[in-house]
Amino acid sequence: MERNTFYNLQKWKNNPNRKPLIIRGARQVGKTWLMKELGRTCYESVFYVNLDVDSIAKTLFLQDLDVKRIIHGLEIAYDTKISPESTLIILDEIQEVPQALSSLKYFYEQLPQYHIITAGSLLGISLHESTSFPVGKVDFLSLYPLTFLEFLKAVGKNNLLELIENRDFPMIKIFRNEFIEALKQYYYVGGMPEAVASFINNHDYNEVRNIQKNILTAYEMDFSKHAPYREIPRLRMLWKSIPIQLAKENRKFMYSQVKEGSKAKDYENALLWLSDCGLIRKVNRISKPAIPLNAYEDLKDFKLYLLDVGLLGALSDISAKTLIDGNKIFTEFKGAMTEQYVCQQLTAAGVPLFYWARERGNAEIDFIIQNEERVLPVEVKAETNLRAKSLKVYYEKYGPEVAIRASMADYERQNWVMNIPLYAVELLSRPDILSKI
């Protein structure tokens, strides 16, 4: 499956000022495949080692940080030649050996001609354990589940993808039923590569759900393996409460929904752990929609989303029939899944997300984003019902040049409101979105 991030890897390879690269992302989002694909297509040879299981490589890094000795030792141990210019060195699960993480500084300073790429699923966790991090000596790249546009390409709907990329909204309107069908499929399958591959090969929703359940089980096993023992129960309760939190009309995270009588201090470590693992996305409230947005964050009020809409459906046990065919009792949570979807698309596109709500709580804008010098309110609607009381309240208070309404309705500009179809919501990350449509 082609990933948009691959082009960033090619740019990294060809950059004369290249540093060792760290790919960050949750488990099973495709980091290992992406690194190996780069090596297969862009290098003469690949040297791959998984530091979670390779004891020889671990020993070489544990002795000292003499990077010339480490390279020589790897060549001897694996009877291979590591060429500075034509071999891609892949150090997978680098967080398992903190010394390997520290060594990246010396690879950059002493052996910059070597091409070194690393990945760490629990990298954020390891950084809290007194690891010496090579500040300023590495490049970073974040990897997320497949976006909807990547999903379209993966399932062979390149013609639909081309319409969105070209912003051909008159033609998009003609094929809206095809877009909606593909979007509903994505809501169920999500963007985890294994689930997408299974869907492409077998088109079996039950098999997709089994894969998603196995991924969720693996995440919970990580809680037991890597988290502090006293935090494990809190992690499980917080993790399982996210669908409940999103099912509320007011989706603001409430600790009392995790466990009655709970306070922030009881779960702040568990919240940080899940966030550092890449399993959840925290979207903070802003008190005022002004630039820079993060200067107006209210860290006490926030919403939590999972990393993937398909995993949210699996964690909530939503059936394929409910999502694909519709169900009249599937109302409130449909809005939750749509918000999850929009959050996922914009996060993968690198857009910082916030939300706005009145202090009294009688008006809320789902997301606030910055597009160049504009602050854009983004109201999310699951269907074509476009009534947006909160958007009107926001407009009367702040008078934005334009507001975005993402819904199943067709593209339309009505004075200060621009309606963007949900299947084209990733376009909001493009800097020229307002001037080119």
Side-chain angles (χ1 to χ4, degrees), residues 4 8 142 144 147-149 163-170 172-173 251-252 281-299 301-303 305 335 338-359 361-382 384 386-437:
N4 295 337
N8 295 326
S142 295
Y144 300 96
T147 66
F148 177 62
L149 299 190
L163 292 179
I164 292 179
E165 292 290 0
N166 293 335
R167 307 175 195 189
D168 189 348
F169 285 105
I172 288 173
K173 183 176 181 178
R251 308 195 209 288
K252 185 181 81 168
R281 169 73 171 175
K282 186 169 179 268
V283 176
N284 290 321
R285 173 184 173 271
I286 56 167
S287 58
K288 178 182 177 181
I291 297 174
L293 288 172
N294 58 9
Y296 300 93
E297 282 183 280
D298 177 0
L299 300 180
D301 291 344
F302 57 90
K303 298 188 286 187
Y305 300 90
T338 307
E339 276 192 39
Q340 166 70 52
Y341 161 78
V342 172
C343 175
Q344 184 175 339
Q345 307 315 298
L346 296 180
T347 296
V351 178
L353 294 176
F354 306 88
Y355 81 99
W356 173 85
R358 268 184 169 181
E359 289 285 353
N362 59 350
E364 177 180 313
I365 301 298
D366 300 310
F367 298 108
I368 303 290
I369 65 174
Q370 184 175 335
N371 185 287
E372 293 190 318
E373 297 305 310
R374 296 184 180 92
V375 173
L376 298 180
V378 181
E379 181 83 350
V380 176
K381 295 292 183 180
T384 56
L386 303 184
R387 288 178 297 175
K389 176 184 175 183
S390 292
L391 205 56
K392 184 177 180 182
V393 170
Y394 180 94
Y395 179 78
E396 291 173 349
K397 185 174 179 63
Y398 297 109
E401 175 187 347
V402 64
I404 305 297
R405 188 167 49 204
S407 74
M408 286 293 193
D410 299 318
Y411 168 76
E412 186 178 11
R413 181 73 182 262
Q414 297 175 310
N415 298 320
W416 54 276
V417 178
M418 178 186 289
N419 193 80
I420 297 287
L422 284 166
Y423 31 87
V425 77
E426 194 176 329
L427 292 179
L428 293 177
S429 67
R430 314 289 170 86
D432 58 352
I433 178 63
L434 298 180
S435 60
K436 290 294 183 67
I437 60 175

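Only a predicted model underlies this, so the values are computations on that prediction, with no experimental measurement involved.
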Within this structure, what is the [atom1]-[atom2] distance for the pair [X] and [Y], rounded to the nearest 0.5 Å?
X    : Y    : atom1 : atom2 : value
D168 : K173 : CG    : NZ    : 13.0 Å
N415 : Y395 : CG    : OH    : 8.0 Å
I420 : E379 : CD1   : CD    : 14.5 Å
N166 : I172 : CG    : CD1   : 9.0 Å
L293 : Q370 : CG    : CD    : 5.5 Å

K303 and E339 ion-paired at < 4.0 Å
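Salt bridge present between K303 and E339.
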
Short N-O contact, E165 and R430, less than 4.0 angstrom
yes

What pairs with E297 under salt bridge (Lys or Arg N to Asp or Glu O under 4.0 Å), at least two apart in sequence or on another chain?
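Scan of E297 (salt bridge (Lys or Arg N to Asp or Glu O under 4.0 Å), adjacent residues dropped) gives none.
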
Only counting residues at least two apart or in another chain, list the ones meeting salt bridge (Lys or Arg N to Asp or Glu O under 4.0 Å) with E359.
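If we apply the salt bridge (Lys or Arg N to Asp or Glu O under 4.0 Å) test to E359, skipping adjacent residues, the hits are R285.
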
Where [X] and [Y] come nearest, the two heavy atoms and their spacing:
X    : Y    : answer
I369 : P352 : CG2-O, 4.1 Å
L346 : V425 : CD2-O, 3.8 Å
P400 : W416 : O-CB, 4.4 Å
W356 : I286 : CD1-O, 3.6 Å
Y423 : M408 : OH-O, 4.4 Å
A424 : F169 : CB-CE2, 4.2 Å

Judged by atom type as modelled, is there a donor-acceptor pair below 3.5 Å linking the side chain of T347 to the main-chain atoms of Q344?
no

Short question: side chain of N419, backbone of D410 - any donor-acceptor pair under 3.5 Å?
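Side chain of N419 to backbone of D410, a donor-acceptor pair under 3.5 Å: yes, one is there.
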
Flag side-chain contact, heavy atom, 4.5 Å: [X] against [Y]:
X    : Y    : value
D366 : V342 : no
Y394 : P289 : yes
L353 : R281 : yes
I404 : L428 : yes
Y355 : D301 : yes
D298 : N284 : no
F148 : Q345 : yes

List the steps and the verdict of side-chain contact (heavy atoms from CB on, under 4.5 Å) for V378 and I365.
CA-CA 7 Å; V378 181; I365 301 298; 5.6 Å; no

Take atom NZ in K282; do more than 12 heavy atoms of anything else shown fall under 6.0 Å from it?
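Counting other residues, nucleotides and ligands, NZ of K282 exceeds 12 neighbours.
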
